[in-house]
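What follows is one structure encoded as structure tokens, with my remarks underneath.
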Amino acid sequence: MRSQPVLLAETPRAGIFGHRFILPSDLKLQTTQVENFLRRAADKSEGKDYLAANHLVKQQLPNGAIRTGNETIMLANVNVDALSAERKDNIYKLLKRRLADFDELIAKIDWQVEGRQTSVPRTELNEWMDVAELQDLPVANLIEITPIHAIIAGVLLGLMAGLFIIHLL
Amino acid sequence: MASLKLSTKNKVYRFAIYGRAASGKTCIMAALAMKCISNTQGYTCTWVLDPPDLKRPHGAPENWDPSTQASQFYHGREWLEKAISLLYKGTLPPPNPNRAEPLRHLFHFTTPGHRTFQIELIDYSGELIDPAISGDQMAQHLHEHINDMDGILVLAEAPHPEINPEPLANEMLKLEQAFVMLKGHNRQGPTLNFPVALLINKWDRISDIDPDNSEKEFEKLDKFLASKPEPPHSSLVNTLRNSVSKKNFRVFPVSAFGCHELVTTPESPELRAERPCQVNPLRSFGLEDGFIWAAKRRDEIDIQRFSTEVARRSSFCIWKTRSIFPPFRLARHGQTLAARFPSGSEARKRVRQLVKKISLAASMQAVCNTILTLLVLLFAEILHDGFSYRSVVASEGDPQASASQLKEHEDWLESYYKSPSYLHLGSSLFVLSRSQSLKTLKDFRNRRDGMLWQPVTQTSNELSRITLARKYLEQFGVNGRYRDLAAAFITQAETKKKYLQNEIYLASISASIDSLLIKNEYSEADLAEIQTHLETLPEPKALNDELYQQQRWLLDQLAREKIKLAKDQGEASWIEFREGYYALMRDRKTNEAAAQLANWQTRNNGLDNLDHFNKLVDDFKKRITAIIAGEITDKIKSHHWRKARSVVSKAIEDQQLVAMLTAGQLKELQHKFAQIDRQEDIYLYELAAKYKDHDHLNQYIKNAPLKKMQRAALNYESYLNRIANPIAIKLQLASITWGEFCNNAHIIITLDGKSIIEKDKISARNLGRSAQVGYAEFKGKLTDSTILHANATCNGFWGISKMGEASWQGQTKDLNGLRLGMGSDQSDQNYMTFSLSGIPLEPAMPVWGD
């Protein structure tokens, strides 16, 4: 089943843990897939399948180190080429507003409890999707890969390969 | 995780700086890449911006595949350049976010000992070094990378005197826990056998570093670790030291900045951050030491491992080496290892010696493996041949064995005997020798031969006999013992068949004649037609006396009927004359035929039946030469030379016959004499050359008409005369070929009971040869009959044993080149070769005409 566009975020202000991904609560992506999006968003705010907003924030770790790192929020799995310029601009503005909301969000999260894994699911990102600007968006080709999908795909590929070999023989 | 694939032959050491977030990994790497003050040990470090053979990926960086080495390297370069730029501005580099693939950097370290180490370092988020998220995919991926490294440099920051030490203690604990988990996933086992260096980073926090006196800093480090209250680093030190094998752990004081100052920012006045007090150059301390130590330890470990592996793989025992393959790959690995070290260095010499040792062992093992393989194959072949031979032996003794079974075994025996010498080597010694296989093959063939011939002789049916004889010849061809008989049967049958055909043919013609006579309605043309059929037998050569007489009688009958018909028609005399002429020509009585023609001509003056008569004369002229030539040929074939000449003379002296010949025909007839002379000369010479005796030679010399080869005949006769008289002959025992061993062999040769050659203390070697053993001179005729006896014994430790004995009888001249075997069947064991000298050379009798 093809998924819809989602909001993803990364912050370096995850308390003692440093960097954490903040994801919608019902998202079933692997961390490596999330990382793939956010890695690209850190370099460039627009890609074929995402739009992102970044700003620099201070990170303070328990050892006293204070560094400046990148905080990112992005709309992933959207077919950017299919968006009009106006709509794109509206989405950018929305994302920047959400960046401003991060201070509040980060303050709300109990990092000691929720930050123990690299991905932190939050309903806020689901709620933030529920606005007019982010409805009926054109979808890019992202399929949620679950283990079941992987198994089915693997079995089908294996069958096709086997039939092909039998045909050759 | 594979190291960077570079075209250079030098090894690339892969190290990981293992540290928590904000421990200073990026700062250390940036400092290594920046301009710093000189290292007290003289070590240097240079950042490699563009490694050879590692091209920048195409397209925008955000589209690069992060799993490729090139992408990781060039992303790393961008990241480090950014960090360096920030440091130059007095700002700390940004934190590494959590990423699936680390960033890579390549550095060249050099030492005053002229070593260059290419070291690859990875940069990543220290937040992944957290025991709490060990299950995370990225954390696991990072652990896998680190476990594949050549060494680990663990980074633990020194405590800041002005900052609460508790968070640092927690960090040390987490680092320790994370390291233990990392160790748990290591494939080598609980004790790590690679270098682990602990870099106490940010050393400038607790020491006013004297960059010219590194020993002092190490003393301070020892004091710090031994200080009370105990620093959290002590536990980490013990954990790390106990986790690795001996000599693979060391602690280093390190400072990327060398000195620092605490600064605040307007945005966060309550927070103070550390900044380098000087950049360009950075006053770094001890940056290179840990890496170089780790690289050198890596070398030592690799040499030790190589040495252990060489010791293990040099053994010939497969259960020790645990491999059936010779260690050529290990030798090549050794070459690569040796290339790390400078020429002439102790390490290089040591490795080269090990390489020599393992190369030799590999070669020896290759030879041994080959021999073992061959032995296994040989043994398998012996087993297989043993089974096959048993089946052969069973059939050999089985009277009920069929021809097809015998054939199958024959084929096996034949292939066994004919096979190349390298096949059935072992079988020849332990199962069946080649000579025995040949003997058995012959026995089988003879038996099958007899089996197939028996029905031929037993059947009474002629047709069946021919069929069986043909089948026999199909199976055995020219090799069959009864091939001549079988061929004779078939030839006889075919000849009989031809005779029978002619007989039936003549019978049918006789029946036709009888039928014609009974009807009494026939013309001369009918008779002529029958005569034509009668003269054209289906098998002209299959004509015995009986058939010839029958044919003759029928021809005479036809002639009589023609005469009778002619009488009726008033032409009796001509017909009688004509048939008489034909009969004379059939009987080759050419003179009489010529006389008859002449008489007719004279009597009738050529007027009666002139046309017919001229036809007869033409017929005579046409056929006379061939008839005479045929008669001459028959006489020559039966060697009746006089009769052959007489045929020619009779023809030439007959005026009436000659009158009917052309000049050419006459000349041809006269030439027949020369032809007869030639054939007689050849015949007599061939007899002389075949028998080579006085009678035949004299016969030629005296009676040959042409005497073309007289000289050769005279030469040979002269030779015979010479050898008929006694001459001085030297008989030499040219060689003895031995089939057994004896250190002290003794041989005696006697000729007609008289000892002529005796020799002892001859050294005999199996398959060896003793040459020019001895000789004897005597006088005798070459044609004399003589008896030669040879006896060989061996004087061994246990007494005298017999080696062989043999006798031979023949003419003295046949001693030349005589090969006398002294085994029981004269086929193998010891044999002697004799030669004669002083004998006249037998002249050649060339082919007639040469």
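In what follows, every heavy atom counts, from backbone to side chain, and hydrogens, waters and symmetry copies are set aside. Letters A, B, ... are given to chains in the order of the sequence lines, protein chains preceding strands, and every chain is numbered from 1.
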Winner by heavy-atom pair count (cut-off under 4.5 Å) against chain B, out of A:Thr118, A:Thr31, A:Thr32, A:Leu38 = A:Thr118
Residue list, salt bridge (Lys or Arg N to Asp or Glu O under 4.0 Å) with A:Lys88, at least two apart or on another chain = A:Glu46
Under 4.5 Å from a heavy atom of chain A, the part of B:Leu168 involved | neither
Set of residues satisfying salt bridge (Lys or Arg N to Asp or Glu O under 4.0 Å) with respect to A:Glu127, sequence neighbours excluded = none
If you round to the nearest 0.5 Å, how far is CZ of B:Arg20 from CD1 of A:Ile16?
-> 8.0 Å
With rounding to the nearest 0.5 Å, note down the distance linking CG in B:Asn98 to CZ in A:Arg20.
-> 6.0 Å
With chain A, which of B:Pro95, B:Pro159, B:Ser23, B:Pro61 has the greatest number of heavy-atom pairs at distances under 4.5 Å?
-> B:Pro95
With a 4.5 angstrom heavy-atom cut-off, could you sort out which part of A:Ala14 is near chain B: side chain, backbone, both or neither?
-> neither
Please round to the nearest 0.5 Å and tell me the distance separating atom NE2 of B:His75 and atom CZ of A:Arg39.
-> 6.5 Å
Out of curiosity, A:Asn36 CG to B:Asp65 CG, how far, rounded to the nearest 0.5 Å?
-> 9.0 Å
Mind running side chain to side chain contact (heavy atoms under 4.5 Å, CB included) on A:Leu61 and B:Glu171 for me, showing each step along the way?
-> CA-CA 11 Å; A:Leu61 292 175; B:Glu171 287 294 296; over 6 Å; no
Portion of B:Asn96 that has a non-hydrogen atom of chain A nearer than 4.5 angstrom = backbone
Nearest-0.5 Å distance, CG of residue B:Leu92 to CD of residue A:Gln59 | 11.0 Å
Spell out the residues in residues 96-110 of chain A that have some non-hydrogen atom less than 4.5 Å away from a non-hydrogen atom of chain B, in order of number; otherwise answer 'none'.
-> none
Work out which heavy atom in B:Ala21 is nearest to a heavy atom in A:Arg67; give both atom names and the distance.
-> C-NH2, 4.2 Å
Part of B:Pro93 lying under 4.5 Å from any heavy atom of chain A | backbone
Let me know if A:Thr68 has heavy atoms under 4.5 Å from chain B in its side chain, its backbone, both or neither.
-> backbone
Side-chain donor-acceptor pairs of residues 69-76 of chain A under 3.5 Å, sequence neighbours excluded:
from	atom 1	to	atom 2	distance (Å)
A:Asn70	ND2	A:Asn54	OD1	3.3
A:Glu71	OE1	A:Arg13	NH2	2.8
A:Glu71	OE1	A:His55	NE2	2.8
A:Glu71	OE2	A:Thr11	OG1	2.5
A:Glu71	OE2	A:Arg13	NE	2.9
A:Glu71	OE2	A:Arg13	NH2	3.1
A:Thr72	OG1	A:Asn54	OD1	2.5

So which part of B:Glu78 gets closer than 4.5 Å to some heavy atom of chain A, the side chain, the backbone, both or neither?
-> neither
Can you tell me if CD on A:Glu86 sees more than 12 non-hydrogen neighbours from other groups inside 6.0 Å?
-> no
